[in-house]
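Quick one: structure below, then a few questions.
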Amino acid sequence: MSRKRSPRGRAPGRGVRRLWLLPDQVGDEPFIDVHQDGHGMLNVQVARNGRHDCFCFAVTAQHIAVAERSALRRWAVFVVLYGELAVFHPDAAPARPPGKCQRIIDMVLGGTDSEVEQYLTMMNKRFRGGLRDSLALLCEADLTRFRDREAFEKRLWFGVESLIVSDAERARRVQEAERRAAARATAVRQAFEPYNEALLMAEGDDAVRRVIDLLGSNPVISEFEVGAPAHHDRYLTFRSGGEIMLRDGAVAAILFHVQPTEAAPSGFTGLGTLIPGLSRDASKSQVEEALGKPITGRTGPNPTYSVGDGFVKVFYDGWAKKDEPGRLKLLQVTAEDTYARTDPADERCTGCAAMLIRTAPAAGGVDVDATIAALRAGVAAGRLRRTHNRVALGDMLRLHDSGLMEHVEAQLGCTVCHRHIFFALHRDADPTFEHLSLDDARRRPPERVPPVEQWGDAARIAREAQRPERIATDGNSWVLFAMGEHLFMNARCWYSAVEGTRLIRLDAAEMRQYERDGEAYLSRLQEAINRTWTSSDDPWRSRDLTRSGMSDEEAIEASMAAAQEDRA
């Protein structure tokens with residue numbers, strides 16, 4: 001809207017107060033003259049065809065109160081006049097009839113948020129420039145809920161905020177936001193201070209006793225051994241939803257169970273005191289507003305925040321969207337950042353915590369046969385998955401008895417907590433059972449397994465000879481397997497930071513193409529599979545032989561066995 005195409009508005013009369021729709025208070029912008037009886041007149045001056053036209057619309061006291069209270073509604077009225085009604089477009093069709101204008105202004109100032117959103121969304125294609133882009137986002141909002149009303153206001157201002165907020169006001173808002181953030185950070189740091197002081201301390205230390213007093217009294221105490229060599233874990237669980245975890249006598253973590261547990265049917269009751277203003281239904285964006293920005297690189301599904309001398313890791317119930325409420329699950333406070341380590345909160349994981357079987361509760365020894373059976377049952381149930389460059393569980397005892405390897409080590413991943421289990425039989429030491437993070441797992445290269453002919457019996461050697469064989473690879477995006485006269489290809493797929501695979505059996509036409517063009521055809525096939533990997537109508541998904549917990553070779557064998565059963 002030009003600032004030059006109409007004269008400055010006349011001054012308001014005696015007893016008349018002027019309310020501008022936009023804060024710049026320029027004469028050619030729409031304004032409402034409010035009279036002493038509370039009613040008013042909305043004035044719009046428009047330059048059209050070389051002349052200045054004035055449009056006037058009556059507004060009620062209730063409409064004026066809404067306009068004074070809501071910059072959003074004032075801006076919405078301006079949007080209607082500027083866009084849909086075309087009053088500021090001299091080259092467009094004539095302005096809408098005043099009666100139509102009046103009805104729309106009454107709806108904007110007197111209707112509900114959802115009515116305003118619905119109207120602006122319906123008409124957004126007719127707006128120009130940044131208005132169109134801003135209003136197109138409104139269709140995502142359901143304004144019957146408070147959090148969506150906030151999103152509505154933010155989106156409506158997107159791209160046009162500079163038109164309605166002066167530089168001085170913008171600077172004032174920045175300073176106010178910084179002041180509130182600093183005050184909030186101080187309050188959170190002070191609330192967490194007694195918990196940070198208790199970390200790494202013994203149970204009898206004064207700092208730990210103070211935390212016990214904060215969380216309640218008469219905790220339920222549970223103790224058990226973890227891993228081999230064994231660590232002694234001791235949990236003090238309070239009805240408030242708080243929990244103190246001690247490992248080998250020192251506080252390893254303090255946990256706040258936001259969601260209900262057996263000990264705390266209402267979840268952690270002091271969340272609003274611990275983090276001022278935060279409720280158990282908070283979204284990820286509200287948690288971030290309360291705790292500040294996560295540590296760089298710690299912004300995954302469970303982000304980590306630095307609070308005072310400790311670290312707070314926030315766990316959500318599944319992958320939560322930024323503004324999705326009610327997914328907050330657990331807060332974990334530790335003395336060190338657990339990004340490259342395992343989390344104390346995972347020590348009682350329902351997927352893998354019971355995999356280690358001991359010979360006797362007090363002895364701490366490992367029942368190897370029972371542990372292998374438990375791990376195999378976990379793989380079969382989908383709670384664990386094999387890592388395929390390690391020793392298979394079924395081969396561990398035979399390889400260990402052969403004495404050919406220093407460490408016979410199997411590695412499995414938990415599908416629940418995503419830790420990695422390393423179970424090893426050592427030539428000159430007791431068995432070990434460890435939970436490691438992905439970073440630690442990558443730093444443990446596997447020991448080379450001797451040829452099966454050196455340690456396997458006749459049945460195992462025969463089974464190895466019948467297994468699928470890797471016959472070709474480009475080293476990065478595809479691997480070709482052969483089993484008898486059949487060919488199978490593992491095609492690596494990726495989109496942004498997400499990776500996966502498709503394991504397919506080549507059909508007759510694809511095999512002929514491979515015979516004719518060789519490895520160049522397999523590279524083209526991998527590209528074709530990767531292009532549609534994330535689409536809902538991916539044609540390769542129905543051919544994918546990948547199975548949870550199985551290596552490619554095992555999945556191929558399983559598919560061939562299933563095909564033979566179908567033929568029988």
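Here the structure is a predicted model, which is why all the values come from computation and not from measurement. Numbers for residues simply follow the sequence, beginning at 1.
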Distance flag, aromatic centroids of Y521 and Y514, threshold under 6.0 Å: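 Ring centroids of Y514 and Y521 are no less than 6.0 Å from each other.
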Flag for T432-H426: side-chain donor and acceptor within less than 3.5 Å: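 There is such a pair between these side chains.
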Short side-chain donor-acceptor distance under 3.5 Å, H231 and D248: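 Present: a donor and an acceptor within the cut-off.
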Whether over 12 other heavy atoms sit under 6.0 Å from E262 CD: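 At most 12 heavy atoms, drawn from other residues, nucleotides or ligands, come within 6.0 Å of this atom.
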SB check E347 R247 (cutoff 4.0 Å):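 Result for this pair is yes, salt bridge flagged.
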Expected output: side-chain N302 to main-chain Y316 donor-acceptor under 3.5 Å: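 Between the backbone of Y316 and the side chain of N302 there is a qualifying donor-acceptor contact (under 3.5 Å).
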Six-ring centre of Y305, K293 cation under 6.0 angstrom, axis tolerance 45°: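 Not flagged: K293 not positioned over aromatic ring of Y305.
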Parallel, tilted or perpendicular: rings of F423 and F433 (30°, 60°):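 The arrangement is tilted - the two ring planes meet at 30° to 60°.
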Heavy-atom donor-acceptor pair, D544 side chain to L503 backbone, under 3.5 Å: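 Yes; at least one donor-acceptor contact below 3.5 Å.
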Test log, rule salt bridge (charged side-chain N to carboxylate O under 4.0 Å, His left out), inputs R470 and E553: CA-CA 9 Å; R470 297 189 181 202; E553 293 89 340; 3.6 Å; yes
Exceeds 12 heavy-atom contacts within 6.0 angstrom, atom CG of N218: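 No, not enclosed.
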Residues, nucleotides or ligands: over 12 heavy atoms within 6.0 Å of R492 CZ: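 Enclosed.
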Side-chain atoms of residues 273-281: list all donor-acceptor pairs with protein atoms under 3.5 Å, sequence neighbours left out, distances to 0.1 Å.
residue	atom	partner	partner atom	Å
S279	OG	D281	N	3.4
R280	NH1	S266	O	2.7

Side chains of D395 and V449 in contact at under 4.5 Å (non-hydrogen atoms):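 Answer no - side chains too far apart.
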CZ (R341) with more than 12 external heavy atoms under 6.0 Å: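 Atom CZ in R341 is not crowded, with 12 or fewer foreign heavy atoms closer than 6.0 Å.
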Heavy-atom donor-acceptor pair, T532 side chain to P539 backbone, under 3.5 Å: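 Such a contact is absent between T532 side chain and P539 backbone.
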Axial cation check for Y235 ring with R348, 6.0 Å and 45° limits: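 The answer is yes; both the distance and angle limits are met.
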